[in-house]
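Here's the structure, in structure tokens; my notes come after.
The figures here come from the full heavy-atom set of this structure, side chains too, leaving out hydrogens, waters and symmetry mates.
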Amino acid sequence: TVGPPSTPGAPSPRHLARERVAYKARRDALTAALQEAFAPEELHLTGLHTGLHLLAELRDPPPDDALRAAAQAEGVIASAAKDQDINRFTGYMCAFQDKVSQANPNGMMVCFLSNHDMDRSAGYLMLANHFPQMAANLYLLCSGSPFLYYGEEIGMKGVRGSANTDANRRLAMLWGDDSSPQDPGGSTYPSSKQTNGTVESQLAQEGSLLRYYCRLISIRNRYPAIPRGTYTQVNLGSAKCGGFLVEYEGSTLCILHNISTDIPFTVDLADTDIPCRSILEVIGMGEASLEGTVLSLAPQTSLILGSAAL
């Protein structure tokens with residue numbers, strides 16, 4: 001049977017039929033997950049027969065102060081990474097986790113540095129000052145499911161500036177290989193300002209930001225307590241060093257960050273409420289040591305403490 005000629009570049013009927021089945025399966029899986037996480041009286045779903053998307057409306061949405069906490073938490077990651085106040089960051093994170101738990105005990109918070117509607121974080125977290133590494137430590141070694149905007153892992157830049165478009169914030173990924181993705185229409189950001197390299201160049205470079213992210217994500221994935229645990233603030237009486245106790249399935253981790261750009265931090269764990277006495281992981285610009293109960297942590301460095309059994 002010969003059918004009508006197709007328009008060049010248009011999807012074939014067979015492709016559309018196949019995708020219609022795939023989209024329905026994905027929508028059904030999302031619907032089932034939402035219905036499992038929320039009681040019928042908590043959530044109203046619409047658009048279930050309109051393609052891949054659906055609309056989920058909370059019947060009793062979280063209070064405004066929880067949403068404000070989310071917005072504030074977004075900013076405290078960057079400010080803490082730039083050698084400001086670690087306790088402001090840890091306090092917000094714990095308060096926000098409490099708000100999420102009150103709204104939905106199975107909920108997880110989402111931390112991010114920037115997104116497609118914001119100037120890229122590499123513009124205000126200078127790579128030369130190691131601020132991107134410190135910021136990555138703060139939000140990847142933290143509760144919930146972090147959102148990593150593509151390009152942050154290589155220090156891609158892009159700002160809206162005076163342009164009446166967000167295209168400069170959504171530039172094509174800098175792969176550095178033979179691929180040639182195009183910048184979105186209307187973008188005006190000069191390629192000469194992309195000074196931090198590409199995926200290809202950073203994969204080949206020891207100590208690059210991309211390889212740092214790879215190592216950090218590997219550490220995060222080794223400890224289910226990091227995304228899923230219950231967080232309690234650890235305030236060591238310093239604006240430069242602090243962190244969390246993280247409880248999960250009967251075990252406890254301690255995550256500490258020294259955000260100072262130049263001053264090591266030393267504390268006797270015997271004088272704190274930290275029960276952990278073994279260094280499990282260290283990542284950052286320096287090292288950590290534990291002599292007896294005296295812990296020393298280098299500037300712009302984070303660590304995870306646990307029990308010897310871990």
Side-chain angles (χ1 to χ4, degrees), residues 37 73-74 76-77 80-81 86-87 89-101 104-113 130 132-149 152-153 207 209-236 241-259 265 267 269 272-290 293 295-310:
E74 166 202 327
V76 296
I77 297 172
I86 186 64
N87 298 314
F89 163 74
T90 56
Y92 272 129
M93 290 297 101
C94 290
F96 186 36
Q97 188 186 57
D98 288 344
K99 293 291 186 182
V100 171
S101 297
N104 179 5
N106 296 317
M108 300 179 78
M109 66 182 185
V110 176
C111 300
F112 59 90
L113 291 175
H130 309 300
Q133 291 92 332
M134 194 69 246
N137 284 10
L138 292 173
Y139 84 104
L140 291 179
L141 298 180
C142 198
S143 173
S145 180
F147 173 86
L148 199 163
Y149 186 39
E152 280 179 352
E153 71 275 30
L209 182 60
L210 177 57
R211 293 181 67 168
Y212 188 93
Y213 260 88
C214 290
R215 182 179 168 223
L216 182 57
I217 292 171
S218 177
I219 290 174
R220 175 185 172 86
N221 289 342
R222 283 200 286 273
Y223 300 94
I226 294 176
R228 300 184 179 279
T230 300
Y231 280 60
T232 303
Q233 183 183 28
V234 172
N235 188 327
L236 298 175
C241 190
F244 309 97
L245 288 179
V246 186
E247 297 182 39
Y248 181 69
E249 293 188 345
S251 65
T252 302
L253 296 178
C254 179
I255 301 172
L256 295 178
H257 307 283
N258 182 358
I259 64 172
F265 186 82
V267 61
L269 297 180
T272 73
D273 294 328
I274 299 172
C276 310
R277 294 291 187 270
S278 177
I279 296 177
L280 304 180
E281 308 284 353
V282 179
I283 184 167
M285 299 301 105
E287 301 295 334
S289 65
L290 185 59
T293 59
L295 175 69
S296 296
L297 185 59
Q300 294 183 309
T301 303
S302 303
L303 62 74
I304 300 176
L305 294 169
S307 67
L310 294 173

Any side-chain heavy atom of [X] within less than 4.5 Å of one from [Y]?
X: Thr232; Y: Phe244; answer: no
X: His257; Y: Met134; answer: yes
X: Val76; Y: Leu138; answer: no
X: Pro224; Y: Tyr248; answer: yes
X: Ile226; Y: Val246; answer: no
X: Val234; Y: Thr90; answer: no
X: Leu245; Y: Ile255; answer: no
X: Met109; Y: Cys111; answer: yes

Passing candidate, side-chain contact (heavy atoms from CB on, under 4.5 Å) with Ile274, options Leu269, Leu295, Val267: Leu269
Closest heavy-atom pair and its distance - [X], [Y]:
X: Leu253; Y: Gly306; answer: CD2-CA, 4.3 Å
X: Thr252; Y: Cys276; answer: O-SG, 3.5 Å
X: Ala288; Y: Val282; answer: CB-CG2, 3.8 Å
X: Ser307; Y: Leu280; answer: O-CD2, 4.3 Å
X: Cys241; Y: Leu236; answer: O-CB, 3.8 Å

Looking at [atom1] of [X] and [atom2] of [Y], how far apart are the two atoms once the value is rounded to the nearest 0.5 Å?
X: Leu305; Y: Ser278; atom1: CG; atom2: OG; answer: 7.5 Å
X: Asn235; Y: Thr272; atom1: CG; atom2: OG1; answer: 11.5 Å
X: Ile283; Y: Leu216; atom1: CD1; atom2: CG; answer: 4.5 Å
X: Leu256; Y: Ser302; atom1: CG; atom2: OG; answer: 8.5 Å
X: Leu297; Y: Ser289; atom1: CG; atom2: OG; answer: 9.0 Å

When you look at CZ of Arg228, are more than 12 heavy atoms from neighbouring residues, nucleotides or ligands closer to it than 6.0 Å? no
Would you say CG of Asn221 has more than 12 non-hydrogen atoms from neighbouring residues, nucleotides or ligands within 6.0 angstrom? yes
Could you walk me through whether Leu209 and Gln133 pass side chain to side chain contact (heavy atoms under 4.5 Å, CB included), step by step? CA-CA 7 Å; Leu209 182 60; Gln133 291 92 332; 4.0 Å; yes
Would you tell me whether Glu247 and Tyr231 have side-chain atoms, one donor and one acceptor, within less than 3.5 Å of each other? no
Side chains of Asn137 and Tyr212: any donor to acceptor distance under 3.5 Å? yes
Without swapping roles, check the side chain of [X] against the backbone of [Y] for a donor-acceptor pair under 3.5 Å.
X: Gln233; Y: Asn87; answer: yes
X: Ser101; Y: Gln97; answer: yes
X: Arg220; Y: Leu140; answer: yes
X: Asn258; Y: Thr301; answer: no

Can Leu148 and Glu153 be said to form a side chain to side chain contact (heavy atoms under 4.5 Å, CB included), step by step? CA-CA 8 Å; Leu148 199 163; Glu153 71 275 30; 3.4 Å; yes
Can Ser143 and Phe96 be said to form a side chain to side chain contact (heavy atoms under 4.5 Å, CB included), step by step? CA-CA 10 Å; Ser143 173; Phe96 186 36; over 6 Å; no
List the steps, then state whether side chain to side chain contact (heavy atoms under 4.5 Å, CB included) holds for Ile77 with Phe112. CA-CA 8 Å; Ile77 297 172; Phe112 59 90; over 6 Å; no
